[in-house]
Amino acid sequence: MLAREISKKDRLNTDNYKLIAIFKADLEPFGLWVNAAGFIICYTISLYSVFQAPDGADEGLRGAALGIALVFVLMFILNNIAINLYTAPEVKQAKNKLPSISEAIIASVDGKELAKQIRTIKRNNNRIKTTVRLTCFVIAGVSLVISLAAIAFSPFVSSMFVALLVGTLLTYLIFEIYAFIKLKYGGIARATIPGLIAYIWFDHLLILASVLHLARVFFFKEEDEGTLTRLEFLLIALDFVITMTLLAIIANIIFKGIELQQKIRYILAYLKKKMEEIAVKSDFYVLEKIFDGWMADGEKTL
């Protein structure tokens with residue numbers, strides 16, 4: 001049979017399958033390392049902007065750099081928490097309004113246990129999210145009060161807590177996005193969240209929040225205005241190019257995935273037709289399960 005002639009290496013090495021497999025890979029160990037690396041680099045640059053700034057540097061910008069450094073600490077902690085959140089099992093929704101007989105049988109067997117697992121995961125994640133929410137709101141509230149109180153007498157302190165206030169709210173919003181992905185898209189969360197963490201650290205935070213802010217602290221004289229303008233343009237352009245490149249890559253992967261699913265659907269329709277010719281009735285739900293098993297393990301699962 002054809003299934004016996006095609007090795008597992010041949011099956012899994014098709015270009016489309018390898019691209020789709022990226023989304024389902026377990027990149028959480030990579031996410032922990034890249035989170036630590038991004039934090040160390042960005043945090044160091046921000047502290048350098050504070051303590052190595054030349055005489056005459058704007059106190060407000062120095063204070064904002066220290067506030068950004070504190071935001072980096074919070075983001076590092078929340079990223080680690082997000083990576084270690086419980087991942088909900090992925091529930092495959094039927095495309096038709098009415099499930100097939102096989103889907104109904106499988107749902108009746110696995111449904112109760114799966115529902116119990118999802119309830120437990122939601123309960124545990126909600127406890128973590130509540131703690132994170134309260135912590136972020138307390139930090140934001142305290143930062144708001146201190147920044148308002150310090151406006152009159154200390155631009156350094158006021159700017160520091162304004163940066164901490166804004167950064168805390170943005171960091172909490174990003175954490176909520178990670179938690180949503182973990183709960184709703186468990187099948188791709190282990191790859192998607194580490195990828196997002198790497199993108200945010202090394203694109204937006206490193207380029208804009210760290211290096212660009214460092215430049216604004218150090219290039220404050222009138223003769224440096226042209227250099228600062230050119231540097232700002234280059235950094236913003238670099239950030240834009242990286243973002244557009246990544247979006248193009250992701251779009252290509254998605255389109256490849258759609259193409260692969262269409263091919264699989266065609267194969268399953270052909271198998272269904274051949275099985276009906278020998279009086280074997282089946283449906284796409286069962287055939288897709290068989291096909292997935294064959295892609296992973298070969299003929300031994302058939």
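Numbers for residues simply follow the sequence, beginning at 1. Quick note: numbers below take in every heavy atom, side chains included, and nothing from hydrogens, waters or symmetry partners.
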Q: Which value, rounded to the nearest 0.5 Å, describes the distance between Leu85 atom CG and Lys182 atom NZ?
A: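 The distance works out to 6.0 Å.
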Q: Let's go through Val71 and Val166 carefully: what are the C-alpha distance in whole Å and the side-chain angles of both, what is the deciding distance for side chain to side chain contact (heavy atoms under 4.5 Å, CB included) to 0.1 Å, and is it a yes or a no?
A: CA-CA 9 Å; Val71 172; Val166 175; over 6 Å; no
Q: Side chains of Met244 and Leu247: does their closest heavy-atom pair fall under 4.5 Å?
A: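 A side-chain contact exists here, since the closest heavy-atom pair is under 4.5 Å.
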Q: Can you give the donor-acceptor pairs under 3.5 Å from side chains of residues 135-157 to other protein atoms, not counting sequence neighbours?
A:
| unit_1 | atom_1 | unit_2 | atom_2 | d |
| --- | --- | --- | --- | --- |
| Thr135 | OG1 | Thr131 | O | 2.8 |
| Ser143 | OG | Ile139 | O | 2.7 |
| Ser147 | OG | Ser143 | O | 3.0 |
| Ser147 | OG | Leu144 | O | 2.8 |
| Ser154 | OG | Val157 | N | 3.2 |

Q: Please confirm whether the backbone N or O of Ser46 pairs with a side-chain atom of Ser210, one donor and one acceptor, at under 3.5 Å?
A: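 Flag not set: sc Ser210 to bb Ser46 has no pair under 3.5 Å.
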Q: Take Asp239 and Leu235 through the test side chain to side chain contact (heavy atoms under 4.5 Å, CB included) and record every step on the way to the result.
A: CA-CA 6 Å; Asp239 179 84; Leu235 291 174; over 6 Å; no
Q: Honestly curious: do Ile81 and Phe30 fall in one hydrophobic cluster under the side-chain, below-4.5 Å linking rule?
A: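 In one cluster: yes.
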Q: State the CG-CG distance between Leu212 and Leu205, to the nearest 0.5 angstrom.
A: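 One finds 12.5 Å between CG of Leu212 and CG of Leu205.
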Q: Determine, step by step, whether Phe175 and Val132 satisfy the side chain to side chain contact (heavy atoms under 4.5 Å, CB included) criterion, reporting the C-alpha distance in whole Å, the side-chain angles of both residues, the deciding distance to 0.1 Å, and the verdict.
A: CA-CA 9 Å; Phe175 174 81; Val132 169; 3.7 Å; yes
Q: If you look only at pairs with a residue in residues 200-221, which of them pass as a ring-ring contact (aromatic ring centres under 6.0 Å, His included), with sequence neighbours excluded?
A: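 Qualifying pairs, neighbours excluded: Tyr48-Phe218, Phe72-Trp201, Tyr199-His204.
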Q: How close do Ser49 and Leu214 get, heavy atom to heavy atom, and via which atoms?
A: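 Of all heavy-atom pairs spanning Ser49 and Leu214, the closest is OG-CD1, 3.0 Å.
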Q: If you group Ile, Leu, Val, Met, Phe, Trp and Tyr by side-chain heavy-atom gaps below 4.5 Å, do Ile250 and Phe255 land in one group?
A: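 The answer is yes; both residues are in one hydrophobic cluster.
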Q: Please examine the side chains of Asp58 and Val217, heavy atoms only from C-beta on, and report whether any two atoms are closer than 4.5 Å.
A: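 In short, these two side chains do not touch, never coming nearer than 4.5 Å.
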Q: Is it possible for you to say whether Phe51 and Val211 belong to one hydrophobic cluster, with membership spreading through side-chain heavy-atom contacts below 4.5 Å?
A: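 Same hydrophobic cluster.
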Q: Show the nearest heavy-atom pair for residues Ile68 and Ala209, with the distance to one decimal.
A: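 Closest approach of Ile68 to Ala209: CD1-O, 3.9 Å.
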Q: Rounded to the nearest 0.5 Å, what separates atom CG in Asp224 from atom CG in Leu231?
A: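 Rounded to the nearest 0.5 Å, the CG-CG separation comes out at 11.0 Å.
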Q: Answer yes if Leu228 and Leu234 sit in the same cluster of Ile, Leu, Val, Met, Phe, Trp and Tyr residues linked by side chain heavy atoms under 4.5 Å apart, and no otherwise.
A: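 Different clusters: Leu228 never reaches Leu234 through Ile, Leu, Val, Met, Phe, Trp or Tyr contacts under 4.5 Å.
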Q: I want to check something: taking the side chain as every heavy atom from C-beta on, are Ile174 and Leu78 in contact at a cut-off of under 4.5 Å?
A: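 Not touching, per the 4.5 Å side-chain cut-off.
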Q: Please report the closest heavy-atom contact between Ile200 and Met75, naming both atoms and the distance.
A: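 Answer, listing the atom of Ile200 first, then Met75: CG2-SD, 4.4 Å.
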Q: Say you draw a straight line from NZ of Lys129 to CZ of Phe180; how long is it, rounded to the nearest 0.5 Å?
A: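 Atom-to-atom, Lys129:NZ and Phe180:CZ are 9.5 Å apart.
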Q: Which atom pair, heavy atoms only, marks the closest approach of Val34 to Ala198?
A: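 Distance-wise, the nearest heavy atoms are CG2-CB, 3.8 Å.
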Q: In the single-linkage hydrophobic clustering (I, L, V, M, F, W, Y; side-chain heavy atoms under 4.5 Å), do Phe76 and Ile197 co-cluster?
A: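 Yes: a chain of side-chain contacts under 4.5 Å links Phe76 to Ile197.
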Q: How long is the span from the CD atom in Gln52 to the CZ atom in Arg62, to the nearest 0.5 Å?
A: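 It comes to 10.0 Å.
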Q: Report yes if the side chains of Ile242 and Ile207 come closer than 4.5 Å at any heavy-atom pair, otherwise no.
A: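 Yes, their side chains come closer than 4.5 Å.
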Q: Can you confirm whether Asn84 sits close enough to Leu32 that some side-chain heavy atom of one is under 4.5 Å from a side-chain heavy atom of the other?
A: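 Yes, close enough: below the 4.5 Å cut-off.
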Q: Calculate, to the nearest 0.5 Å, the distance between atoms CG and CG belonging to Leu74 and Leu170 respectively.
A: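 So the CG of Leu74 and the CG of Leu170 are separated by 11.0 Å.
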Q: Could you go step by step and tell me if Asp203 and Leu208 meet the side chain to side chain contact (heavy atoms under 4.5 Å, CB included) rule?
A: CA-CA 8 Å; Asp203 186 23; Leu208 300 181; over 6 Å; no
Q: Could you check whether any side-chain heavy atom of Thr168 comes within less than 4.5 Å of a side-chain heavy atom of Tyr172, counting everything from C-beta outward?
A: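 A side-chain contact is absent here, since even the closest heavy-atom pair is not under 4.5 Å.
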